[in-house]
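So you know, we letter chains A, B, ... as the sequences are listed, proteins then strands, and number each from 1. These numbers come from the heavy atoms of this one structure, side chains and all, not from hydrogens, waters or symmetry mates.
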Amino acid sequence: MEFLVASAIGILTAAGIYLVLRLRTFPVILGMSLLTYAVNVFLFASGRLVIGAPPILVDGVETYTDPLPQALVLTAIVISFGMTAVVVMIALGAYLSSADDKVNDPTDPEAQAKAEEDVA
Amino acid sequence: MTHWILAPIILPAILAPFIVLAARYHIQIQRVFSMAGVVALIAIAAGLAWQASDGTVTLYQLGDWAAPFGIVVVGDRLSTLMVLLTAVLAFFVLLYSMASGWDERGRHFHALFQFQLMGIMGAFLTGDLFNLFVFFEVLLIASYGLMIHAGGRERLRAGVQYVLFNLLGSTLFLFALGSIYAETGTLNMADLAQRVTLIDAEETVGIRVAAVLLLLVFAIKAALVPLHFWLPSSYAEAPAPVAALFAIMTKVGAYAIIRVYTIVFPPDLEVTAGLHTDWLLPAALISLAIGMAGVLAAKKLDRLVTFSVIGSMGMVMVAISLFTAESIAAALYYIVHSTLAGAALFLIVDLVRNSREHLNLTLLPPVAGAALISGLFFVAAIAMAGLPPLSGFLGKLLILDASYLSSGGVWVWAVVLTGSLISIVGFARAGSTVFWKAKSVEPEPLVESEDPTGSPQAEAPATMSYVAVGGLLALLVSYTVFSGPVHAYMSATSAQLFAPQPYFSTVLETPGKLSKPKQEEAH
């Protein structure tokens with residue numbers, strides 16, 4: 001199970017970083033989402049992986065799983081969800097106001113402005 | 001147990017929703033409440049700073065849960081100092097945004113402003129690393145809104161870059177927190193500091209990775225080269241009052257580095273020896289050099305100011321990276337100075353932009369109100385470049401003095417002195433192009449014929465804008481005048497960081513619910 005979780009985190013992170021390095025906003029946002037999934041699983045695993053153990057004190061049970069990482073993951077999920085919504089809205093605004101969805105600054109701002117006027 | 005320590009977080013947290021819900025369409029009511037909130041914040045922050053000034057550490061246990069289990073808010077000299085600085089800066093920034101009408105150019109400025117303050121205050125006051133993350137997110141999500149306030153194509157594009165960079169930073173922060181929790185089983189700073197000393201010298205891989213990840217996150221916030229790329233375009237494109245408020249945001253990163261790497265991972269800790277102490281100084285020196293070179297190379301006035309901010313962060317980080325009591329005191333002195341000077345410069349750039357076609361450093365007719373603005377720019381540039389008689393010079397002197405006997409002292413002296421010279425040339429060039437040589441340019445006849453009675457007069461900035469900028473500069477002057485007592489206070493603050501035992505005992509031994517736990521439950 002450790003191998004499965006570790007490789008899942010690794011693949012998600014690698015794919016996320018690859019997509020984040022793209023130049024257009026949509027892949028970058030997808031990459032950010034993958035990265036946040038990876039980090040959520042990572043946080044979850046930071047309390048050690050235990051199967052079928054209760055996270056709270058129960059009479060007569062010997063092994064417990066750590067409840068704190070689960071609380072941390074919940075917080076992280078909520079925050080990353082909100083952040084993704086914000087970045088989608090801002091990227092949409094940037095796309096609609098400039099007619100392209102590139103992340104980087106235009107290398108030649110004047111030519112860029114002219115091209116946009118032509119499009120408009 | 002006093003509840004006042006929570007007030008800097010609670011007050012903006014109540015005001016912001018109130019402004020959104022009750023005063024949504026009434027800019028005047030929003031202004032009144034926002035301003036009243038900030039003035040109250042200054043009073044509260046001053047009270048807290050006074051309370052902490054004799055070295056007491058104030059602890060607030062939320063829900064009365066004892067420290068490693070519950071969330072704690074801790075006020076010591078450093079936290080309350082930063083809270084007071086934030087409140088004072090917020091006052092002048094808010095005054096400027098109202099006077100210049102920036103707050104009317106988009107919606108929800110005041111609500112976002114209050115949320116931003118809540119996040120910053122929380123980041124300064126929390127005693128728990130995960131809570132630090134949460135408050136970082138609060139201040140970031142508010143800053144995303146403020147950053148794109150009033151819209152515009154360039155601003156939105158810069159906003160996307162800013163948001164993405166900071167989202168990456170947040171993800172990295174979570175990875176760091178996960179690693180720390182996996183290694184030590186706690187995220188409370190005081191508890192963590194106790195536990196890292198127990199880690200076996202043979203098994204330090206995990207905690208070293210975590211410490212470096214955490215340092216990277218804070219370095220992103222502090223815009224340390226090579227993680228500074230988000231700063232120039234986002235600060236230059238952000239609305240001026242927002243950029244001025246952001247002057248404190250880079251300091252949040254510096255604060256976090258000071259806090260975590262003196263208390264949790266102190267320089268003499270064996271487990272993380274040779275990590276940040278070796279890497280931070282070169283990075284800081286390069287930031288300083290790049291910032292100062294950027295001041296000289298900038299083609300636009302707003303870029304020039306953003307690079308001076310990077311340079312001043314480099315200066316702060318140089319002082320921090322020496323990790324001695326004197327150097328941290330010098331860093332704190334310089335942090336306050338550079339926050340005020342940087343904010344003033346951003347506001348002055350906006351005064352110039354107000355009546356100038358563009359901010360390129362080319363010859364254009366004089367701006368409206370040039371006499372006063374050029375005077376303000378002169379004072380702020382002297383402060384930022386670190387020329388005598390203002391506090392920039394004293395701060396630099398303190399840093400040089402603190403580095404005199406350290407191993408990297410030669411490099412520090414060389415880079416700081418050369419960098420200062422370069423930035424002086426850069427500021428002098430910009431000032432003379434924008435204000436001085438502008439007098440030799442004839443105003444365009446077209447503009448004059450359109451409005452012969454003096455269109456510059458009509459465009460001149462509101463008086464209160466000058467009051468806000470002048471207030472910041474007056475504060476800098478009085479900061480210089482009272483340098484003696486201020487530096488004594490900074491030294492006491494730094495001494496408190498290097499003798500953290502009272503901090504630990506206050507946080508960990510104050511009774512609360514669950515205060516005598518079974519040892520094994522944390523794992």
Check your understanding: For the atom pair CG (B/L174) and CG (A/N40), what is the distance rounded to the nearest 0.5 Å?
Key -> 7.5 Å
**Study point:** Criterion side chain to side chain contact (heavy atoms under 4.5 Å, CB included) on A/T13 and B/F175, from CA distance to verdict
**Key:** CA-CA 11 Å; A/T13 311; B/F175 274 116; 4.1 Å; yes
Review point. Side chain, backbone, both or neither: which part of B/F130 has a heavy atom under 4.5 Å from chain A?
Key: side chain
Check your understanding: Are any of the side-chain heavy atoms of B/L177 and A/L72 separated by less than 4.5 Å?
Key -> no
Review point. How long is the gap from CG on A/D66 to OH on B/Y181, to the nearest 0.5 Å?
Key: 3.0 Å
Point to revise | Proximity breakdown for B/S170 and chain A, heavy-atom pairs closer than 4.5 Å | key: neither
Practice item. Rounded to the nearest 0.5 Å, what's the gap from OG1 on A/T25 to CD on B/Q161? Could you check? Key: 11.5 Å
Review point. Once you round to the nearest 0.5 Å, how far does CG of B/L167 lie from OG1 of A/T84?
Key: 6.5 Å
Review point. For B/I141, is it the side chain, the backbone, both, or neither that has a heavy atom closer than 4.5 Å to a heavy atom of chain A?
Key: both
**Study point:** Under 4.5 Å from a heavy atom of chain A, the part of B/T171 involved
**Key:** both
Revision key, fill the gap. OG of A/S97 to CD of B/E154, rounded to nearest 0.5 Å, is 8.5 Å
Practice item. Measure distances from A/V20 to the heavy atoms of chain B and classify the residue's part below 4.5 Å as side chain, backbone, both or neither. Key: side chain
Exercise for review: Starting at CG of B/L156, measure out to OH of A/Y95 and round the result to the nearest 0.5 Å.
Suggested key: 14.5 Å
Practice item. Would you name the heavy atoms of B/V160 and A/A94 that are closest together and state the gap between them? Key: CG2-CB, 3.7 Å
Review point. When heavy-atom pairs shorter than 4.5 Å are enumerated against chain A, which of B/R155, B/E137, B/M147 gives the highest number?
Key: B/E137
Practice item. Give the minimum heavy-atom separation between A/S46 and B/G178, together with the two atoms involved. Key: CB-O, 3.3 Å
Exercise for review: Go through B/L164, B/I148, B/I180 and name the one with the most non-hydrogen pairs under 4.5 angstrom from chain A.
Suggested key: B/L164
Check your understanding: Of the backbone (N, CA, C, O) and the side chain (C-beta and beyond), which part of A/T65 lies under 4.5 Å from a heavy atom of chain B, both, or neither?
Key -> neither
Check your understanding: So which part of B/L187 gets closer than 4.5 Å to some heavy atom of chain A, the side chain, the backbone, both or neither?
Key -> side chain
Practice item. Return the option, out of A/V73, A/D101, A/L68, with the maximum number of heavy-atom pairs under 4.5 Å with chain B. Key: A/L68
Check your understanding: Given that the side chain runs from C-beta out, which part of A/I79 has a heavy atom under 4.5 Å from chain B: side chain, backbone, both or neither?
Key -> side chain
Review point. Which bit of A/V39 comes within less than 4.5 Å of chain B, counting heavy atoms only: side chain, backbone, both or neither?
Key: both
